[in-house]
Amino acid sequence: TQEELAHIFEPFRSTKGHAGTGLGLVAAKKIIHESKGEIQVDTQPGEGTVFRILLPTGRTDVFNSEETVGPR
């Protein structure tokens with residue numbers, strides 16, 4: 001739901017009940033942001049969720065946020 005999505009990167013929030021700690025996405029976001037990157041989330045209820053992780057290459061002459069790397 002949109003309510004859950006609004007809190008997805010908060011510590012100790014989990015939709016898994018006792019099976020999760022709620023720290024995985026918090027840690028991932030911290031690492032990505034410390035690397036000057038960005039994490040994006042797109043979710044469609046009943047269909048799935050896509051996480052996009054954008055990291056700088058260190059070469060501004062070749063960076064294009066519309067490029068796709070690897071299989072889709």
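Quick caveat, the model's predicted, so the values are computed rather than measured.
Residue K29 holds its NZ atom at 10.0 Å from CD of E38, rounded to the nearest 0.5 Å. Separation of atoms CG (D42) and CD (E47) is listed at 10.0 Å; rounding is to 0.5 Å. Going from atom CZ of F12 over to atom OG1 of T21 covers 7.5 Å, rounded to the nearest 0.5 Å. Atom CG of L23 is separated from atom NZ of K30 by 12.5 Å, given to the nearest 0.5 angstrom.
Cluster membership for V26 and I8, using ILVMFWY side-chain heavy atoms within less than 4.5 angstrom, is not shared. If you chain together hydrophobic residues whose side chains sit under 4.5 Å apart, V50 and I39 never meet in one group. If you chain together hydrophobic residues whose side chains sit under 4.5 Å apart, L5 and I53 fall into the same group.
Pairing each heavy atom of L54 with each of Q40, the nearest pair is CD1-NE2, 3.5 Å.
With sequence neighbours excluded, no residue forms a side chain to side chain donor-acceptor pair (under 3.5 Å) with Q44.
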